Amino acid sequence: MTTPVTIAILNYQRRNALRRALEAARMQRYAPLELLVVDNASTDGSQEMVRDEFPDVHLVALPDNIAAAARNEGVRAAKSEIVFTLDNDVLLGTPDDVARGVVAFERHPRAAVVNFTILGPHGRLSRRDWCHPRDPDRWADSEFLTDYVLEGASACRREAFLAVGGYWPPLFIGHEGWDLALRLLDAGHDLVYCPDVKVHHMVDATVRPSSRIYYTFTRNAVWVALRSYRARAAAASIARDMLLMAFTAARAGELGAWARGVLDAVRGGRRALGTRRPMSLATARRLAGIRAQKPSIAALALRHARERLI
């Protein structure tokens, strides 16, 4: 018997994009396959469209927009052992992507998450979506253990995801995959980057105002470090990310958003510390091994300067 799979698509106010995502999901040749939509209280007719055009799709209609944490509701509602979590602007590329993802889990029995290769609308690697600790020019076509969960372009083992609490709601959006990854690693799981599954990210620049990126990435980087890193590593992580975000925000003319992120990171620090569970020394050592191929901070800054990733 094949492993049951659920495709859970997160939606907010993008009815037409959701329709395309569902059409791509319906093309999968894999069975048994459950299709599910989690809607973050959209008012653009998205829920009605699902009910009218996709009556076979399980709709989880939330009363409020809770952003990334809505994925938790999709995983909870799923009836399958493996859940593909996709954003509404992420399209499966071929009818065999689910099957390839399941095979990747079979190759990696300790894996809690399999991350996909994200292509842009042009069909080439989406470098702004590359969050792994390796150089994309050298490693995009290779399978390896990673330290990140690509929130809207990955698959998870349902039990492992729920056991660590899923995405932390106060983050709202930004770095929630990093936060989840650290807790999964500390629970003894692996995270895998798999180039066999390729999805297309149909980026809509109007959905994420730049000011929000500089604000939430700054604030949330502090909270993630406070929640999961050991003391010295937390200090180093915060210093590195504050410098990088200050650089990118200044270049974009968004230093005000960066400053608000810093201020709210401090204001919310007690809440993050209240959930603090620093990773074990063994996990810290394993994480260092996973990151052995990570480019230096100077190389990362140069990449951001050259490619204007954010």
Side-chain angles (χ1 to χ4, degrees), residues 10-14 38 40-42 62 64-73 85-90 115 118 126-132 147-154 165-183 201 203-229 234 237-276 297 300-301 303-304 307-310:
L10 178 63
N11 182 67
Y12 178 64
Q13 304 288 51
R14 295 192 68 194
V38 182
N40 257 327
S42 296
L62 302 181
D64 301 295
N65 177 16
I66 59 174
R71 297 189 185 97
N72 299 342
E73 303 307 316
T85 57
L86 303 176
D87 284 349
N88 55 14
D89 59 353
V90 174
N115 294 282
I118 303 180
S126 177
R127 299 174 72 87
R128 63 172 289 182
D129 290 314
W130 182 267
C131 300
H132 306 292
D147 64 349
Y148 205 88
V149 174
L150 295 173
E151 304 90 343
S154 61
Y167 295 107
W168 191 47
L171 295 174
F172 198 73
I173 188 168
H175 291 327
E176 67 272 17
W178 175 24
D179 180 75
L180 175 62
L182 295 176
R183 284 181 285 117
H201 187 190
V203 181
D204 183 349
T206 66
V207 173
R208 294 174 180 151
S210 60
S211 61
R212 188 170 74 178
I213 290 176
Y214 299 108
Y215 168 77
T216 59
F217 279 30
T218 300
R219 182 196 68 182
N220 292 354
V222 175
W223 290 353
V224 171
L226 292 178
R227 274 167 52 81
S228 294
Y229 281 118
S237 178
I238 291 170
R240 181 187 65 245
D241 286 316
M242 293 307 96
L243 286 172
L244 180 61
M245 289 308 301
F247 165 73
T248 57
R251 181 185 58 189
E254 293 289 352
L255 271 176
W258 174 84
R260 291 194 303 274
V262 172
L263 181 60
D264 283 353
V266 174
R267 288 172 172 167
R270 180 175 297 180
R271 187 177 190 182
L273 287 169
T275 63
R276 178 170 171 76
I297 184 64
L300 183 60
R303 178 181 166 221
H304 275 269
E307 302 178 23
R308 295 187 69 89
L309 299 173
I310 59 174

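These figures come from a predicted structure and were not determined experimentally.
Judged purely by atom type and a 3.5 angstrom limit, D179 has no side-chain atom pairing as donor or acceptor with the backbone of V224. Looking at E176, its side chain does come within 3.5 Å of a backbone N or O of G174 through a donor-acceptor pair. T275 places a side-chain N or O within donor-acceptor distance of the main-chain N or O of A272, the cut-off being under 3.5 Å. One N or O on the side chain of N40 and one on the backbone of I66 form a donor-acceptor pair closer than 3.5 Å. Side-chain atoms of N11 do not come within 3.5 Å of backbone N or O of N88 as any donor-acceptor pair. In this structure a side-chain-to-backbone donor-acceptor pair under 3.5 Å is present from S42 to Q13. Judged by distance alone, the side chain of R183 and the main-chain N or O of Y167 form no donor-acceptor pair under 3.5 Å. Side-chain N or O atoms of R276 include one that pairs as donor or acceptor with a backbone N or O of Y229 at under 3.5 Å.
Considering all non-hydrogen atoms of both residues, G152 and V90 come closest at O-CG2, 3.6 Å. The nearest pair of heavy atoms linking S211 to A257 is O-CB, 3.4 Å.
Ring geometry for W223 against W168 counts as perpendicular: the plane angle is over 60°, on a 0 to 90° scale with 30° as the lower cut.
Sequence neighbours left out, the pairs with a member in residues 253-264 that pass side chain to side chain donor-acceptor pair (under 3.5 Å) are S210-E254, Y215-D264, D264-R267.
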